[in-house]
Trainee: 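I'd like to ask some things about the structure below.
Since the structure is predicted, the reported quantities are computational estimates derived from the model, not experimental observations.
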Amino acid sequence: MKIYTRKGDTGMTGVFGGKRESKDSARIECNGALDEANSTIGLLRCKLENDDEWQANLHKIQKDLMDMMSHLARPSDSKKENPNPRPTDGADFCEQWMDEMEANISSPSDYFLLPGGNEISALCHVCRTQIRRGERRLVTLMNEDPDSVEEYVIAYINRLSDLFFTMARAEMDKAGVAEEKWQLFLYKRKKKKTP
């Protein structure tokens, strides 16, 4: 079977249920951004040892992203039901993993950080920013077709960017690399000024 179909040569692509949409629609932009993030997570996994403690959780996230993208590709007026699983535990999963990592990081998360440190940490920041872009496109899609975006998706995507920030910090801490701090989080600055 050939990988190319030539159906996209006019700038349109198929969505779940058989309809076609412009390749720059909010739905396709959202899925494209999440697909980029998923690919970068794949690169991150390649940089880790096969037995690294992060591998299983990152594998779950990659599969969950694929499932969520399949649901986002279904317009609300589609009569065809999507058979793929709904990873509704995603936000809780991320929070639990963040709590575990933060319990082992030697300093609290009080600052905006300059992305970098080492290759793994920098890749975590790339994942974080790509997921944030996906989240922005997701909000556009929610405004255009709110019934096609289930609540668990926006919560999971929002939590994922926090997770990759925490992963970047955990990697820096584990590697003994000093964080390059930019400035205190706004709520910390306000608290500091309060007499």
Trainee: Closest approach of Gln130 and Thr40, non-hydrogen atoms and distance?
Mentor: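 Gln130 and Thr40 have their closest heavy atoms at OE1-OG1, 2.6 Å.
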
Trainee: Hey, are Lys60 and Asp64 close enough for a salt bridge, meaning a charged N less than 4.0 Å from a carboxylate O?
Mentor: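 A salt bridge links Lys60 with Asp64.
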
Trainee: What closest approach, in Å, do Asp67 and Pro87 show between heavy atoms, and which atom pair accounts for it?
Mentor: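 Nearest pair, atom of Asp67 first, then Pro87: CB-CD, 4.1 Å.
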
Trainee: Give, for atom CG of Asn31 and atom CE of Met66, the distance between the pair rounded to the nearest 0.5 Å.
Mentor: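 Those atoms lie 9.5 Å apart.
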
Trainee: Who pairs with Pro115 by side chain to side chain contact (heavy atoms under 4.5 Å, CB included), at least two apart in sequence or on another chain?
Mentor: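 So Pro115 forms a side chain to side chain contact (heavy atoms under 4.5 Å, CB included) with His125, Arg128.
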
Trainee: Are the side chains of Leu65 and Tyr156 in contact, using a 4.5 Å heavy-atom criterion?
Mentor: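 No, side chains not in contact.
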
Trainee: Can you name the nearest heavy-atom pair linking Cys30 to Gly134, along with the distance?
Mentor: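 Heavy atoms only, the tightest pair is SG-O, 3.8 Å.
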
Trainee: How long is the gap from CZ on Arg137 to CD1 on Ile28, to the nearest 0.5 Å?
Mentor: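 Here the interatomic distance stands at 13.5 Å.
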
Trainee: How close do Ala33 and Arg133 get, heavy atom to heavy atom, and via which atoms?
Mentor: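 Heavy atoms only, the tightest pair is CB-NH1, 3.8 Å.
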
Trainee: Just how far is it from atom CE of Met172 to atom OG of Ser107, taken to the nearest 0.5 Å?
Mentor: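 The CE atom of Met172 sits 9.5 Å away from the OG atom of Ser107.
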
Trainee: Are any of the side-chain heavy atoms of Leu138 and Glu29 separated by less than 4.5 Å?
Mentor: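 No, every pair of side-chain atoms sits at 4.5 Å or beyond.
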
Trainee: I'd like to know if the side chain of Ser121 pairs up with that of Arg169 as donor and acceptor (distance under 3.5 Å, no hydrogens or angles considered).
Mentor: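 Short answer, no.
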
Trainee: Could you report the tightest heavy-atom contact between Asn38 and Gln62, atom names first, then the distance?
Mentor: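 Smallest heavy-atom distance, with atoms named: OD1-CG, 2.9 Å.
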
Trainee: Under the 3.5 angstrom rule, does the side chain of Gln55 hit a backbone N or O of Arg45 as a donor-acceptor pair?
Mentor: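 Confirmed, Gln55 side chain pairs with Arg45 backbone.
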
Trainee: Search all heavy atoms of Leu72 against all heavy atoms of Leu34 and return the closest pair with its distance.
Mentor: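 Leu72 and Leu34 have their closest heavy atoms at CD1-CD1, 3.8 Å.
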
Trainee: Just wondering, do Met167 and Leu58 contact through their side chains at under 4.5 Å, heavy atoms?
Mentor: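 Leu58 reaches Met167 side chain to side chain.
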
Trainee: Rest of the hydrophobic cluster containing Val126 (Ile/Leu/Val/Met/Phe/Trp/Tyr, side-chain heavy atoms under 4.5 Å)?
Mentor: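 Members other than Val126 - counting any ILVMFWY side chain reachable under 4.5 Å - there are none.
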
Trainee: Does Ile41 share a hydrophobic cluster with Trp97, counting links as ILVMFWY side-chain heavy atoms below 4.5 Å and allowing steps through other members?
Mentor: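 Linked within one cluster.
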
Trainee: With a 3.5 Å cut-off and no angle check, do the side chains of Asn84 and Arg74 form a donor-acceptor pair?
Mentor: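 On atom types as modelled, these side chains do not qualify, holding no pair under 3.5 Å.
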
Trainee: Take a 6.0 Å sphere around CG of Asn50 and say whether it holds more than 12 heavy atoms from other residues, nucleotides or ligands.
Mentor: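 Open: at most 12 neighbouring heavy atoms sit under 6.0 Å from CG of Asn50.
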
Trainee: Does one hydrophobic cluster hold both Phe164 and Met101, with members joined at side-chain heavy-atom distances below 4.5 Å?
Mentor: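 Both belong to a single hydrophobic cluster.
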
Trainee: Does Leu163 share a hydrophobic cluster with Ile120, counting links as ILVMFWY side-chain heavy atoms below 4.5 Å and allowing steps through other members?
Mentor: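 They do share one cluster, since a chain of ILVMFWY contacts under 4.5 Å joins Leu163 to Ile120.
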
Trainee: To the nearest 0.5 angstrom, please state how far the CD atom of Glu100 sits from the CD atom of Glu95.
Mentor: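 One finds 12.5 Å between CD of Glu100 and CD of Glu95.
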
Trainee: For residues Leu43 and Leu160: do they belong to one hydrophobic cluster (side chain heavy atoms under 4.5 Å, members Ile, Leu, Val, Met, Phe, Trp, Tyr)?
Mentor: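 Yes, Leu43 and Leu160 fall within the same hydrophobic cluster.
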
Trainee: Regarding Lys47 and the six-membered ring of Trp54, is the cationic atom NZ or CZ under 6.0 Å from the ring centre and inside 45° of its axis?
Mentor: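 The answer is no; the distance or angle limit is not met.
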
Trainee: Output side-chain donor-acceptor pairs under 3.5 Å for residues 140-151, partner residues at least two apart or in another chain, one line each.
Mentor:
{"unit_1": "Thr140", "atom_1": "OG1", "unit_2": "Arg136", "atom_2": "O", "d": "3.3"}
{"unit_1": "Asn143", "atom_1": "ND2", "unit_2": "Val139", "atom_2": "O", "d": "3.3"}
{"unit_1": "Asp145", "atom_1": "OD1", "unit_2": "Ser76", "atom_2": "OG", "d": "2.5"}
{"unit_1": "Asp145", "atom_1": "OD2", "unit_2": "Arg27", "atom_2": "NH2", "d": "2.8"}
{"unit_1": "Asp145", "atom_1": "OD2", "unit_2": "Ser76", "atom_2": "N", "d": "3.1"}
{"unit_1": "Asp145", "atom_1": "OD2", "unit_2": "Ser76", "atom_2": "OG", "d": "3.4"}
{"unit_1": "Asp145", "atom_1": "OD2", "unit_2": "Ser148", "atom_2": "OG", "d": "3.4"}
{"unit_1": "Ser148", "atom_1": "OG", "unit_2": "Arg27", "atom_2": "NH1", "d": "3.3"}
{"unit_1": "Ser148", "atom_1": "OG", "unit_2": "Asp145", "atom_2": "O", "d": "2.8"}
{"unit_1": "Glu150", "atom_1": "OE1", "unit_2": "Arg86", "atom_2": "NE", "d": "3.1"}
{"unit_1": "Glu150", "atom_1": "OE2", "unit_2": "Arg86", "atom_2": "NE", "d": "2.6"}
{"unit_1": "Glu150", "atom_1": "OE2", "unit_2": "Arg86", "atom_2": "NH2", "d": "3.1"}

Trainee: Could you check whether Glu171 and Asn118, counting side-chain N and O atoms only, form a donor-acceptor pair closer than 3.5 Å?
Mentor: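 Yes - a donor-acceptor pair under 3.5 Å links their side chains.
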
Trainee: Taking the side chain as every heavy atom from C-beta outward, state whether Tyr152 and Met68 have any atom pair closer than 4.5 Å.
Mentor: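 Counting from C-beta outward, Tyr152 and Met68 do come under 4.5 Å.
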
Trainee: Apply side-chain contact (heavy atoms from CB on, under 4.5 Å) to Glu135 and Val153, showing your working.
Mentor: CA-CA 10 Å; Glu135 183 180 23; Val153 175; over 6 Å; no

